[in-house]
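As structure tokens, the structure follows; a few thoughts come after it.
Worth knowing before you read on, the calculation uses all heavy atoms, side chains too, and leaves out hydrogens, waters and symmetry mates. The sequence lines fix the lettering, A, B, ..., with proteins before strands; numbering per chain opens at 1.
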Protein chains: 2
Amino acid sequence: MTGSRADGTPQRPTLEQVAALAGVGRGTASRVINGSPAVAPQTRDAVMKAVAELGYVPNQAARSLVTRRTGAIALVISEPEERLFSEPFFAGVVRGISRVMDEHGRQLVLVLVHGAAERTDEPAAYLSPQHVDGALLLSQHEGDDLPQRLRDRGLTLVHGGRPPGDEQASWVDVDNVGGARGAAAHLLARGRTTVATIAGPPDMQAGRDRLQGYREALAAAGIPDSPDLVSVGDFTELGGWRAMRRLLEQRSDLDAVFVASDPMALGALRALREAGRTVPGDVAVVGFDDSPMAAVSDPPLTTVNQPVERLGREMAEMLLASLTESEAAESRSVVLPTSLVQRGSS
Amino acid sequence: MTGSRADGTPQRPTLEQVAALAGVGRGTASRVINGSPAVAPQTRDAVMKAVAELGYVPNQAARSLVTRRTGAIALVISEPEERLFSEPFFAGVVRGISRVMDEHGRQLVLVLVHGAAERTDEPAAYLSPQHVDGALLLSQHEGDDLPQRLRDRGLTLVHGGRPPGDEQASWVDVDNVGGARGAAAHLLARGRTTVATIAGPPDMQAGRDRLQGYREALAAAGIPDSPDLVSVGDFTELGGWRAMRRLLEQRSDLDAVFVASDPMALGALRALREAGRTVPGDVAVVGFDDSPMAAVSDPPLTTVNQPVERLGREMAEMLLASLTESEAAESRSVVLPTSLVQRGSS
DNA sequence: TTGAAAGCGCTAACAC
DNA sequence: GTGTTAGCGCTTTCAA
């Protein structure tokens with residue numbers, strides 16, 4: 001039986017009690033708990049039995065105090081950009097990360113970094129090796145120095161999405177270039193001749209990469225660059241609508257558009273409809289993200305799927321690996337393949 | 001200057017060092033840090049100065065070890081249902097919770113509970129007063145005993161959404177009944193006479209509540225209950241499409257539908273279009289959730305907005321309040337108002 | 001009002 | 001292989 005305190009809260013058994021019940025010293029009990037090989041099988045069994053009997057669970061605080069490791073990993077998400085990401089993206093990544101953390105018995109601490117106001121030191125204070133063993137960064141801002149600040153404190157970091165101009169960073173990204181290239185190539189393969197694009201914001205790596213992929217596809221087909229086939233949006237529906245209208249003005253002869261995000265693609269669909277163009281009859285459209293909206297739009301949107309849950313998994317596994325290795329100096333990177341999901345719009 | 005270890009990792013200053021620099025005892029320094037009133041002003045200032053100078057941050061592990069409080073709150077989300085929730089719902093709630101945690105200097109530990117397989121003891125082991133001070137539960141399953149198990153361990157709980165048949169629980173919910181009632185009443189007020197509904201799953205509280213609200217609106221208008229005006233969906237687009245088809249078969253004379261979720265409403269819109277009915281000409285439609293899809297559907301969907309971020313805030317604040325109060329025995333509950341967002345579909 | 005000291009539960013270094 | 005012991009950094013009596 002475990003004791004209990006005055007307020008009725010059950011008192012967790014300590015390692016001391018486990019050791020006593022098993023008839024061994026505290027040190028030995030600790031060795032068993034931590035899987036040290038230097039323990040006699042029968043001793044191990046006795047301790048295991050006592051652990052089970054008492055329902056012993058190690059006190060993480062006590063453990064952290066001496067090991068100087070916390071068992072926790074922070075997931076840091078910068079707020080403003082979070083909205084831009086299609087929500088399933090976020091949810092999927094978190095699911096992947098969470099799975100890995102569970103498998104390794106680690107805790108996931110969620111840290112949302114909001115506007116500049118609180119940015120000064122709030123999240124900073126907590127994000128230290130004293131509280132978390134490492135951090136996963138999602139949707140960092142271009143030019144934000146948070147990653148560097150965290151690294152300076154001795155935190156091991158893994159970025160979701162390739163951080164621009166940061167050679168020493170470790171990161172996992174989806175193949176935005178390849179996905180965009182494939183989407184544009186698909187349009188070309190279907191016989192479209194004048195393929196335009198609605199690009200994402202040039203200050204976002206994903207935006208730049210997807211534009212590059214589009215250009216590569218055209219180049220591979222021997223089609224020269226044409227600035228009036230490119231219009232920039234901000235990843236939102238309204239931005240896509242505006243960009244499509246501009247394209248229509250510039251090049252009324254276009255017969256296909258690769259749009260760098262699904263929300264923008266929906267806006268483009270609307271603009272096309274308003275302009276009296278049929279999809280995919282007059283103009284074929286391909287989006288990017290494979291958001292739920294893409295499946296229920298009219299017509300359903302052909303789009304590029306990203307392995308979001310796997311992105312999360314890979315990030316988490318990369319971080320845990322970096323934490324384990326003797327010297328984590330080495331920077332790693334992984335690029336995950338995307339795939340085209342064909343539907344009615346192209 | 002703070003010291004540093006062999007590996008170059010900066011060594012955080014300890015309370016001991018702060019006390020030494022301030023020329024006081026460790027106990028006094030501790031009192032200042034924790035805002036004890038029994039400290040002379042000048043002593044306090046000296047300590048504060050030392051804290052600032054050294055960049056001292058309390059070691060949470062050491063603190064937890066003695067106080068038996070962790071400073072952490074768990075956010076527990078049951079996976080399967082998570083998908084049913086419109087994603088912005090989830091993201092918004094998390095944002096609200098996170099804000100409050102930041103304001104109180106607390107950590108948010110994210111725990112995703114997946115299928116029965118790992119359900120046995122995995123999340124259970126970590127979710128104890130030894131590791132977190134309390135837990136916020138989102139989208140629990142009907143009949144799941146996790147809440148009870150956590151309570152038995154002495155964890156203080158707050159539910160997001162009213163837990164059915166649990167009188168002792170504390171919870172925050174949005175006014176599903178009122179929101180649905182208002183939506184149906186709106187349809188009636190616009191002159192619609194035959195208002196049907198596509199209800200959510202009867203095993204979800206939100207599904208039941210929204211159906212009840214619909215019924216109350218009809219009753220208030222003196223319209224008798226009519227089973228063939230009610231069709232049940234599963235909160236998905238496909239479910240909504242099917243339910244709409246059933247309704248059309250049963251009651252081809254209907255001129256309005258209140259749909260219990262936006263994804264289902266989009267499905268209903270599709271079914272109506274396929275059946276050659278115009279919206280809102282022939283049939284007016286109102287959804288529920290105010291998801292992003294609602295704004296970009298064709299026609300744009302009138303829907304019921306839920307204050308998601310505030311839901312998160314209220315949950316977090318309720319939990320922290322329960323933790324603070326001397327006796328947390330009292331169970332609390334809050335219902336947040338919803339609002340109708342009018343668009344083109346009704 | 002303050003300092004000294006006990007100890008929270010655990011790991012790891014050291015003896016045996 | 002195993003027991004013993006010294007702290008990890010902090011809060012909180014208990015005296016002064």
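- Both B:R26 and A:T14 lie near DNA chain C, and the one whose nearest nucleotide falls closer to the 5' end is B:R26.
- Side-chain atoms of A:R12 stay outside donor-acceptor range of the base of C:dG9, with no qualifying N/O pair under 3.5 Å.
- Residue B:T28 places its side chain closer to C:dT2 than to any other of D:dT11, C:dG9, C:dT2.
- Nearest heavy atom pair, residue B:V32 against residue B:M48, reads CG1-SD, 4.0 Å.
- A donor and an acceptor atom sit less than 3.5 Å apart, one in the side chain of B:R31 and one in the base of D:dT13.
- In this structure, the nucleotide among C:dT2, D:dC8, D:dT2 sitting nearest to the side chain of A:V39 is D:dT2.
- Among the atoms of the strands shown, only primed sugar atoms or phosphate atoms (P, OP1, OP2) are found under 4.0 Å from some heavy atom of A:A40.
- Regarding contacts with the backbone of C:dT11, a side-chain N or O of A:S30 is found under 4.0 angstrom from either OP1 or OP2.
- Rounded to an integer number of Å, the gap from CZ of A:R68 to C1' of D:dC10 is 13 Å.
- The NE2-P distance, from B:H131 to C:dC10, rounds to 10 Å in whole Å.
- A salt bridge links B:R313 with B:E317: the distance from a Lys NZ or Arg NE/NH1/NH2 to an Asp or Glu carboxylate oxygen falls below 4.0 Å.
- Across the protein-nucleic acid pair, B:L65 atom CG and D:dC8 atom C1' stand 9 Å apart, rounded to whole Å.
- In plain terms, the two heavy atoms of B:I97 and B:G312 that are nearest each other are CG1-O, 3.4 Å.
- Computed from coordinates, the A:R63 CZ to D:dG9 P distance equals 18 Å when rounded to whole Å.
- Separation of atoms OG1 (A:T67) and CG (A:D133) is listed at 8.0 Å; rounding is to 0.5 Å.
- Counting only heavy atoms from C-beta on, B:T67 has its side chain closest to D:dT12 among D:dC10, D:dT12, D:dG3.
- Rounding to whole angstrom units, CD1 of residue B:I33 and P of D:dT12 are separated by 13 Å.
- Judged by distance alone, the side chains of B:R12 and A:S128 never bring a donor and an acceptor atom under 3.5 Å apart.
- Rounding to whole angstrom units, CG of residue A:N59 and P of D:dC8 are separated by 18 Å.
- When the C1' atom of D:dT5 is taken as reference, atom CG of A:L15 falls 14 Å away, rounded to whole Å.
- Take the nearest nucleotide of DNA chain C for B:Q130 and for B:G27: the residue whose nucleotide is more 5' is B:G27.
- One finds a side-chain N or O of A:T43 lying less than 4.0 angstrom from the OP1 or OP2 phosphate oxygen of D:dT2.
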